[in-house]
Amino acid sequence: SSAGSAARVWVVGHIPPCVDSFSFSPQWHRGYVATYLSLVQRFASVIVAQFFGHLHTDEWRIMPSTEGWGLGPGSPLFITGALSPVFDGNP
């Protein structure tokens, strides 16, 4: 319903649809990432930001295009680290 209005949307989740910064392993199955990217691109006009955690570091990412090479349209993906002794994340 936001797509037809002036509303803006933040996508908030726990595990981001990207590669882990430490182990370089994908966090989601490839098919789920493709579906997510197509939804983010489809609703790029209303999604203004994407927020995730889980990776224990503060990072930002730009999502790739689902069609060929290049960056996809839409919002940046912000990843925040946890307050945890894992990976030197002490408060």
Side-chain angles (χ1 to χ4, degrees):
S1 66
S2 296
S5 71
R8 296 295 174 249
V9 174
W10 289 359
V11 175
V12 179
H14 177 73
I15 300 174
C18 62
V19 174
D20 184 280
S21 303
F22 293 99
S23 66
F24 302 106
S25 61
Q27 297 298 294
W28 288 18
H29 293 288
R30 183 173 291 192
Y32 297 147
V33 173
T35 301
Y36 182 78
L37 289 177
S38 73
L39 286 170
V40 168
Q41 288 187 352
R42 178 177 169 196
F43 296 105
S45 64
V46 295
I47 298 174
V48 295
Q50 303 167 70
F51 299 96
F52 291 91
H54 188 72
L55 297 185
H56 299 280
T57 58
D58 290 327
E59 304 178 21
W60 60 273
R61 309 276 178 100
I62 303 296
M63 301 303 286
S65 173
T66 57
E67 299 174 7
W69 292 96
L71 300 176
S75 59
L77 189 148
F78 299 98
I79 303 167
T80 187
L83 294 177
S84 162
V86 177
F87 304 116
D88 298 320
N90 288 321

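Please read all numbers here as calculations on a predicted model, not as lab measurements.
Identified under the salt bridge (Lys or Arg N to Asp or Glu O under 4.0 Å) test for residues 48-60, with sequence neighbours left out: Glu59-Arg61.
In this view, Phe51 and Trp10, Phe78 satisfy the ring pair (Phe, Tyr, Trp, His ring centres under 6.0 Å) rule, not counting sequence neighbours. Partners of Arg42 according to the side-chain hydrogen bond (donor to acceptor under 3.5 Å, both in side chains) rule, which considers only residues two or more places apart in sequence or in another chain, do not exist here.
Clustering ILVMFWY residues whenever any of their side-chain heavy atoms sit less than 4.5 angstrom apart, transitively, puts Tyr36 in the very cluster that holds Val46.
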Checklist entry - Please walk me through it: do Phe43 and Val11 pass side chain to side chain contact (heavy atoms under 4.5 Å, CB included)? => result CA-CA 11 Å; Phe43 296 105; Val11 175; over 6 Å; no
What pairs of donor and acceptor atoms, side-chain ones from residues 28-35 against any protein atom, are under 3.5 angstrom apart with sequence neighbours left out?
unit_1	atom_1	unit_2	atom_2	d
Trp28	NE1	Ile15	O	3.0
Trp28	NE1	Pro16	O	3.4
Thr35	OG1	Gly31	O	3.1

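Closest of all the heavy-atom pairs between Ile79 and Gly53 is CG2-O, 3.7 Å.
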